[in-house]
Amino acid sequence: MHGPFAVLGALSGAIVVLTGAFGAHGLRNTLDARALDVWEKAVHWQAAHAVALLLVAVAQQMERDSPLGRPRLLRAAGWAFVAGTVLFSGSLYALALTDVKALGAVTPVGGLAFVVGWLALAAAAWPRRP
């Protein structure tokens, strides 16, 4: 397994561990309960989509050996997951740390990117006639 989505998925997984630990230990006495909940949601969704990026990387590797592969859909899914992570989790991290309410307007855009990624992945996996 190699390529940008394998690298980004693995790096995102490392960031999940670091941000999760930082939230649990470094921010516990700094943020209120609501802000910690927001932080934990960001970590949760980033973790799920780090795994999704690795899934895309594995699917790309598999589709290289298949005449029915759909590389464009897999690339679209991967980049949508990256965008979703940056916009969704990133905005939640920033919101938890700054309490700037306007950042909450970015979060649904990231959520939409996640949905687009999953739909692109579904389309790539949809059976195709030879």
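The first residue of the sequence shown is numbered 1, and numbering continues consecutively from there.
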Engineer: For Leu92 and Ala42, which heavy atoms make the closest approach, and how far apart are they?
Structural biologist: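 Nearest heavy atoms, Leu92 then Ala42: CB-CB, 3.6 Å.
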Engineer: Do Leu18 and Phe22 have side chains that approach each other closer than 4.5 Å (heavy atoms only, starting at C-beta)?
Structural biologist: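 No, their side chains stay 4.5 Å or more apart.
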Engineer: Provide the closest heavy-atom pair for Ala57 versus Ala6 in the form atom of the first, atom of the second, distance.
Structural biologist: CB-N, 3.5 Å
Engineer: Do Leu55 and Val51 share a hydrophobic cluster (ILVMFWY, side-chain heavy atoms under 4.5 Å, transitive)?
Structural biologist: no
Engineer: Any chance you could lay out the side-chain contact (heavy atoms from CB on, under 4.5 Å) test for Phe81 and Val56, step after step, and finish with the verdict?
Structural biologist: CA-CA 10 Å; Phe81 291 148; Val56 169; 3.9 Å; yes
Engineer: State which residue, out of Lys41, Glu40, Arg34, fulfils the side chain to side chain contact (heavy atoms under 4.5 Å, CB included) condition with Val38.
Structural biologist: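 So the option named by the test is Arg34.
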Engineer: Is a donor on one side and an acceptor on the other found under 3.5 Å between the side chain of Thr19 and the backbone of Val16?
Structural biologist: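 Confirmed, Thr19 side chain pairs with Val16 backbone.
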Engineer: List the atom of Leu31, the atom of Ala35, and the distance in Å for their closest heavy-atom pair.
Structural biologist: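 In terms of heavy atoms, the two residues are closest at CB-CB, 3.8 Å.
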Engineer: Do Phe88 and Leu95 belong together in a cluster built from hydrophobic side chains that touch within less than 4.5 Å?
Structural biologist: yes
Engineer: For residues 104-125, run the donor-acceptor check on the side chains, cut-off 3.5 Å, and write out each pair with its distance to 0.1 Å, sequence neighbours left out.
Structural biologist:
residue : atom : partner : partner atom : Å
Thr107  : OG1  : Ser91   : OG           : 2.6
Trp118  : NE1  : His49   : NE2          : 3.0

Engineer: Decide yes or no for Thr85 and Trp45: does some side-chain heavy atom of the first lie under 4.5 Å from some side-chain heavy atom of the second?
Structural biologist: no
Engineer: Report yes or no: does Ser12 contribute a side-chain atom to a donor-acceptor pair with the main-chain N or O of Ala50 at less than 3.5 Å?
Structural biologist: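 The answer is no, because no donor-acceptor pair under 3.5 Å joins these two groups.
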Engineer: Check Leu74 against Glu63 and note the closest heavy-atom contact, atom names and distance.
Structural biologist: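 Reported closest heavy-atom pair: CD1-CG, 3.5 Å.
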Engineer: So Gln46 and Tyr93, do their side chains get closer than 4.5 Å, heavy atoms only?
Structural biologist: yes
Engineer: Do Met62 and Leu54 share a hydrophobic cluster (ILVMFWY, side-chain heavy atoms under 4.5 Å, transitive)?
Structural biologist: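 Yes, Met62 and Leu54 fall within the same hydrophobic cluster.
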Engineer: Indicate yes or no: at least one non-hydrogen side-chain atom of Trp39 is less than 4.5 angstrom from one of Leu97.
Structural biologist: yes
Engineer: State, to 0.1 Å, how close Arg70 and Trp126 come at their nearest heavy-atom pair, and which atoms those are.
Structural biologist: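 Looks like NH1-O, 2.7 Å.
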Engineer: Do Asp99 and Lys101 touch side chain to side chain, with heavy atoms closer than 4.5 Å?
Structural biologist: yes
